[in-house]
Amino acid sequence: MSAVATAARRKTPPILLLRILMLVPVFNLFLREAIHGTDNDRLWFAFNLLVLWLIAVVTFGYPAVIIPALCLVGMAFLWLLETVR
């Protein structure tokens with residue numbers, strides 16, 4: 001039996017980062033609703049992430065804007081390489 005099938009049977013996410021975050025009670029509540037909840041729950045999860053990011057921008061300023069942008073640049077390069085190949 002594969003690890004993904006085992007994780008699906010136990011209702012735990014197969015990704016290591018998600019499994020670690022599910023051990024924290026507050027994140028467990030939000031992630032469980034986002035993974036197993038309705039579409040409305042997923043929209044509220046996305047809204048909560050947006051609000052947390054805006055609070056980080058207000059608190060930390062420019063670094064809270066530039067660090068996600070720099071991460072997206074790497075993702076864009078990988079997407080371009082995959083598309084062109």
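Hydrophobic clustering of Ile, Leu, Val, Met, Phe, Trp and Tyr side chains at less than 4.5 Å, counting indirect connections, keeps L52 apart from I67. A continuous path of ILVMFWY side-chain contacts below 4.5 Å connects F30 to V24, so both sit in one hydrophobic cluster. I66 and V57 are members of different hydrophobic clusters when ILVMFWY side chains are connected at heavy-atom separations under 4.5 Å. V58 is not connected to Y62 by any chain of hydrophobic side-chain contacts under 4.5 Å among Ile, Leu, Val, Met, Phe, Trp and Tyr, and they are in different clusters.
For R42, the side-chain hydrogen bond (donor to acceptor under 3.5 Å, both in side chains) partners two or more places apart in sequence, or in a different chain, are D39. Applying the ring pair (Phe, Tyr, Trp, His ring centres under 6.0 Å) criterion to W53, with sequence neighbours excluded, gives no partner residue.
Note that the CG atom of L21 and the CG atom of L16 stand 9.5 Å from one another [nearest 0.5 Å]. We find the CH2-OG1 distance between W79 and T83 to be 4.5 Å, quoted to the nearest 0.5 Å. Atom-to-atom distance recorded for H36:NE2 and D41:CG is 12.0 Å, nearest 0.5 angstrom. Atom CG of L29 and atom CE of M22 lie 10.0 Å apart (nearest 0.5 Å). Distance check: N28 CG to L18 CG gives 11.0 Å after rounding to the nearest 0.5 Å.
Grouped by direct or indirect side-chain proximity (heavy atoms under 4.5 Å, Ile/Leu/Val/Met/Phe/Trp/Tyr only), L43 sits alone.
Although no hydrogens or angles enter the test, the distance criterion places a donor-acceptor pair under 3.5 Å between the side chain of N48 and the main chain of W44.
The shortest heavy-atom contact between P68 and P63 is CD-O, 4.2 Å.
Using a 4.5 Å heavy-atom cutoff, the side chains of F45 and L31 are in contact.
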